[in-house]
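Being a predicted model, the structure only gives us computed values, none of them experimental. So you know, we letter chains A, B, ... as the sequences are listed, proteins then strands, and number each from 1. For the numbers below, each heavy atom of this structure counts, side chains included, while hydrogens, waters and symmetry mates do not.
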There are 2 protein chains.
Amino acid sequence: MPAKVDHEARRRDVAAAVWRVLASTGFAGLGLRAVAAELGATTGLITHYFPSKRELVRHALDQLHERSDQALGGEPDGTGVAALRAQLRTVLPTTEEKVVLSRIWVGFWDLALVDPELSAHEAERYARWKRRLRPHVEHAIAAGELRAVDVDVVLDLVTAATHGLVVQALLDPGRFPVGRQHAAVDLLLAGLAGPETRSTPRAPGGRVGDDPARTILEETP
Amino acid sequence: MPAKVDHEARRRDVAAAVWRVLASTGFAGLGLRAVAAELGATTGLITHYFPSKRELVRHALDQLHERSDQALGGEPDGTGVAALRAQLRTVLPTTEEKVVLSRIWVGFWDLALVDPELSAHEAERYARWKRRLRPHVEHAIAAGELRAVDVDVVLDLVTAATHGLVVQALLDPGRFPVGRQHAAVDLLLAGLAGPETRSTPRAPGGRVGDDPARTILEETP
DNA sequence: CAGCGTACACAACGGTTGTTATGTACGCTG
DNA sequence: CAGCGTACATAACAACCGTTGTGTACGCTG
């Protein structure tokens with residue numbers, strides 16, 4: 001069987017074109033011709049690799065989730081609160097790529113909310129995320145870095161807060177720079193810290209330059 | 001110019017039908033015929049009251065967030081943290097109506113994210129919400145109920161956390177009952193409280209009269 | 001009662017949608 | 001080199017979209 005092109009690689013190209021269309025027009029503007037145009041091809045190409053639009057979108061979103069997990073990927077340096085903070089920070093839309101991923105994923109909620117199957121899938125993603133965060137929270141509590149409250153409630157709160165920040169940052173990127181997002185996360189974690197630890201533990205993540213306060217606000221309307 | 005029917009009331013009926021369609025099928029399934037069917041009428045009725053679909057949706061969403069403001073409406077009993085907690089709780093999708101309102105509003109992000117005008121509108125809604133929350137936060141800080149950190153950061157955090165909870169609750173209603181949502185809000189507010197005041201809203205005495213804000217974000221001055 | 005404007009239903013319009021059928025250039029195999 | 005299957009382009013398809021025009025029942029005004 002002669003394969004002039006790599007079938008799976010081509011499917012990935014098409015999926016990438018779907019992402020680009022979604023990022024610029026949302027699900028409302030997603031159509032086969034738009035994807036084809038973005039790809040510099042025609043709908044014939046798309047239908048050659050995908051039997052239906054539903055399958056197209058499904059594959060594109062699967063790829064997107066995979067890509068997201070990979071972008072949020074590896075275990076962070078540090079343990080306990082430091083690791084938790086690092087993990088939460090990677091979710092924030094602080095790079096152009098993560099802006100695109102988050103944008104698509106937020107827009108996807110319009111579909112997920114009215115489709116039980118998609119809702120369940122999204123709920124499972126939340127569960128997986130919390131499962132990954134949990135050991136760091138438990139470690140932090142054991143080390144006295146975090147107040148010893150219900151771990152599940154902590155996970156509910158930190159994931160909710162982080163995603164809430166994502167939404168606000170996407171809706172108003174100009175007024176929600178990285179520093180402001182980080183400040184909110186830091187305040188959240190500081191609040192969860194044990195009463196005895198007044199001085200926040202040093203974040204050993206050498207990569208992230210800490211600029212906690214001053215770049216946050218500009219106000220001259 | 002005899003008015004057999006109340007023109008404005010009829011427009012409200014149509015808007016209500018739009019909400020019902022949006023709640024059950026999302027923006028992806030919103031069409032004039034679907035709205036007309038929901039209304040038990042034809043597209044002729046709709047076009048008689050609205051010049052275009054865009055105007056229809058605009059009016060329906062205007063009505064919707066007017067209705068939301070009213071549902072989230074009056075000043076809560078209490079002041080300071082108690083008022084803040086009450087305000088945040090009213091946003092959570094704890095009633096059938098608020099589930100519908102939140103669902104539409106979350107689905108709307110798919111459109112807002114790719115339309116600068118709509119994004120600005122949503123950003124303004126966030127600003128108004130924070131403006132309403134702000135006095136309670138300031139009062140709570142003045143009363144020593146809340147740690148004296150940057151009020152803007154506090155507002156960013158509490159709104160983000162609350163909306164994050166809304167999303168999770170909508171995506172997995174069965175596993176996210178009211179109590180679990182309240183627990184997360186309570187944990188958030190407890191964390192923002194002064195270190196020595198967990199349950200009793202007592203003033204923190206003269207311990208940190210010098211610089212309480214520095215205890216949170218800054219570890220090295 | 002005549003006449004007119006309102007409040008719709010109904011049907012048709014051009015455009016766009018996802019899907020499908022047909023055509024064709026081309027590298028591989030025999 | 002003949003032949004065949006792959007990788008598309010092209011175009012047609014019915015279904016649907018928002019919009020518009022026309023038809024009509026009916027209450028109000030004169």
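- In this structure, A:Phe27 places its CZ atom 13 Å from P of C:dG18, rounding to the nearest Å.
- Proximity of residues 8-24 of chain B to DNA chain D (heavy atom under 4.0 angstrom from any strand atom) is not detected for any residue.
- Between B:Glu138 and B:Arg134 a salt bridge is recorded (basic side-chain N to carboxylate O distance below 4.0 Å).
- If you take CG of A:Leu56 and C1' of C:dG18, they are 11 Å apart, rounded to a whole angstrom.
- Using a 4.0 Å cut-off between a side-chain N of Lys or Arg and a carboxylate O of Asp or Glu, A:Arg89 and A:Asp186 qualify as a salt bridge.
- The side chain of B:Thr42 sits closest to C:dA9 out of C:dA9, C:dT19, D:dA9.
- Summary for the helix from C:dC1-D:dG30 to C:dT17-D:dA14: the axes at its two ends, each from 5 pairs, differ by 20° when rounded to the nearest 10 degrees.
- One can place OH of B:Tyr49 at 13 Å from C1' of C:dA9, the figure rounded to the nearest angstrom.
- The residue A:Thr47 sits close to a base: some heavy atom pair falls under 4.0 Å.
- Under a 4.0 Å N-O distance rule, the pair A:Arg54/A:Asp115 qualifies as a salt bridge.
- Between A:Arg128 and A:Asp69 there is a salt bridge, with a side-chain nitrogen of the basic residue lying less than 4.0 Å from a carboxylate oxygen of the acidic one.
- Atom CD1 of A:Ile46 is separated from atom C1' of D:dA9 by 13 Å (rounded to the nearest Å).
- Side-chain proximity of A:Thr43 to the nucleotides D:dT10, D:dC8, C:dG18 is greatest for D:dT10.
- C:dT20 atom P lies 16 Å from atom CZ of A:Phe50, rounded to whole Å.
- Looking at which nucleotide of DNA chain C each of A:Gly31 and B:Arg33 is closest to, the 5′-most match is held by B:Arg33.
- Ion pairing between a basic and an acidic side chain is recognised when a charged N comes within 4.0 Å of a carboxylate O; A:Arg10 and A:Asp6 show no such pairing.
- OP1 or OP2 of D:dA7 has at least one side-chain nitrogen or oxygen of A:His48 nearer than 4.0 Å.
- As a whole-Å value, the separation of B:Lys53 NZ from C:dT16 P is 15 Å.
- Side-chain contact check for B:Trp129 and B:Gln87: no donor-acceptor pair (N or O, by modelled atom type) lies under 3.5 Å.
- You'll find that the side chain of B:Leu32 is closest to D:dG18, out of C:dC8, D:dG18, C:dG18.
- Among the atoms of the strands shown, only primed sugar atoms or phosphate atoms (P, OP1, OP2) are found under 4.0 Å from some heavy atom of B:Leu45.
- Taking the centre of each ring, A:His121 and A:His65 come in below the 6.0 Å mark.
- At a threshold of 4.0 Å, the pair A:Asp156-A:Lys130 counts as salt-bridged, since one of the basic side-chain nitrogens sits closer than that to a carboxylate oxygen.
- Every side-chain hydrogen bond (donor to acceptor under 3.5 Å, both in side chains) that B:Arg20 has, sequence neighbours left out, goes to B:Glu38.
- One interatomic measurement links the two molecules: CG of B:Leu39 to P of C:dA7, which rounds to 15 Å at whole-angstrom precision.
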